[in-house]
Amino acid sequence: MGTKNSPRTILSFRQAWATVADKLASRGNVTELGSELLPLHAVRGRVLAEDIAADRDYPPFNRATRDGYALRSADTARTPVILECVGEARAGAPYPGDLRDRRGCCVRIMTGAPVPDGADAVVMIEHTRAEGQSVEIQQPVPANHNIVLRGSEARAGTPVLRRGRRLGAGEIGLLASVGQARVRVSRQPVVAIIATGDEVVPVDRIPQWFQIRNSNAFVLAAAVQSAGGVPRVLDIAPDEERALEQSISEGLQGDLLVLSGGVSVGKYDLVERVLERFQAQFFFDRVAIRPGQPLVFGRVQDKFFFGLPGNPVSTFVTCTLFVRPAIGLLQGGDFEPPVFLRARLGRAMRHHSGLTMFMPARVENTGGEPVVNLVAWQGSGDLVGLAAANCFLVAYPEQEELAEGAWVDVMKISEISD
Ligand code: AMP
Ligand code: MG
């Protein structure tokens, strides 16, 4: 930590992850987002801001998991045995009596129905033969067979979801089942996005031959949305200190500030210099990855910021690795960096960068195994190459030579863009 002039070491991406997780968890003077109460249909992707407990036992009754007969297991100690069917239990229409003192009796039961009192097992229909009310049970049925016992999933009053959990389809289903028609979730952070660069022009402008359209703002806005934030894309800031200062002031009205470009060591890379004028604290400004090495993370006033390198693939990688997990943390969520999976390398490769490489690649299922191959690309400016990829191959500094068939890490792109 320090100002631009104090020496800062280069971090591995795992160290940088730890720094982001640590700073965002402790927050310092950074304002809490607060929470809001939303109807259940509006909470997908949001982060739970309260603990949720089971309102009753789950399942609320002993539930049959098969179509068959509910019976007393003791009655099947010797088989075959003939039992008398005395009624029926359906989902939504339980058997009104009980089998407690009714030796030799059984109840026809359907999947999902409450098992009648006094019965302690369900035999599958396939293991029986019925003639009128007489049912032949062919094999002994152990106690609790084909029953999910009341309260075995959750007991009334015990927590089923903790605050900080991101809500997907499964969690929303659980919330519905415990009767949470409305749910308290963290407010969505507004993420201010500033693209910088004299060469960068809006997407709807015909660029001159030396100009570049502002693709990064769109990459970042999409990524912010998918991470549960609300993107606020500001005007492109030129490589000029006053204008950049103005733009950063405006960006600081959001909950998180993300800049692209202007963080390398070139004469016109002014982002850090201007942030210093705001008395910014820098937690790191280089991470040992390619693309994405000149990556800045810090706090200015009561907000966190990221300065991402401007090359489109660098922006994509650094946003995936750091900005998206940070948005989750801001909402009080768990730290959820992208998961790396393993695949076999299709063609041998080498790199001598001394950095962790994130290379656009395609992973396919080949002969029952995931096999990964690099796509053709021209380096970190190449969005055409990126669009042909469905993952990044992650190669670590110590993996200078990778043989064909070696198991390597991949970071899937679909998990990022969802
Ligand atoms: P910089 O990090 O500012 O040195 O930018 C590196 C390269 O990324 C530049 O040469 C630009 O061509 C490209 N670039 C910078 N900002 C953007 C942007 N917003 N959209 C697309 N490309 C960009
Ligand atoms: Mg630039």
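Numbering of ligands and ligand atoms starts at 1, following listing order. Predicted model only: the values in this text are computed from it and were never measured.
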With V323 as partner, the option from L308, T318, T315 fulfilling side chain to side chain contact (heavy atoms under 4.5 Å, CB included) is L308
Find all atoms of ligand 1 within a distance of less than 4.0 Å from any non-hydrogen atom belonging to [X], and give their numbers and elements.
X	answer
S260	19 (N)
R213	20 (N), 21 (C)
A195	19 (N)
S215	20 (N), 21 (C)

When you measure from [atom] to every protein heavy atom, which one gives the shortest distance, and what is it?
atom	result
atom 7 (C) of ligand 1	N311 OD1, 3.5 Å
atom 1 (P) of ligand 1	G262 N, 3.7 Å
atom 10 (O) of ligand 1	E199 OE2, 3.8 Å
atom 18 (C) of ligand 1	N216 ND2, 3.2 Å
atom 22 (N) of ligand 1	I212 CG2, 3.6 Å

Mind checking whether G310 has an N or O less than 3.5 Å away from an N or O of ligand 1?
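Looking only at distances, the answer is yes, because the N/O contact criterion of under 3.5 Å is met.
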Does a salt bridge link [X] with [Y], judged by any charged N lying under 4.0 Å from a carboxylate O?
X	Y	result
D51	R163	no
D204	R213	no
R184	E36	no
D120	R72	no

For L341 and K412, the nearest pair of non-hydrogen atoms, with its separation, is CD1-CG, 4.2 Å
Proximity of [X] to ligand 1 by residue part, where a heavy atom lies under 4.0 Å:
X	result
P294	neither
V200	side chain
N214	both

When rounded to the nearest 0.5 angstrom, what distance separates CD1 in I193 from CD1 in I236?
12.5 Å
Decide whether the shortest distance between a heavy atom of A217 and an atom of ligand 1 is less than 4.0 Å.
no
Taking salt bridge (Lys or Arg N to Asp or Glu O under 4.0 Å) as the test, write out the residues that go with R90, two or more places apart.
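Partners of R90 by the salt bridge (Lys or Arg N to Asp or Glu O under 4.0 Å) criterion, ordered by chain and then number, come out as E88.
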Give the table of side-chain donor-acceptor pairs shorter than 3.5 Å for residues 369-376, with sequence neighbours excluded, one pair per line with atom names and distance.
from : atom 1 : to   : atom 2 : distance (Å)
E369 : OE1    : R344 : NE     : 2.7
E369 : OE2    : R344 : NE     : 3.1
N373 : OD1    : R347 : N      : 3.4

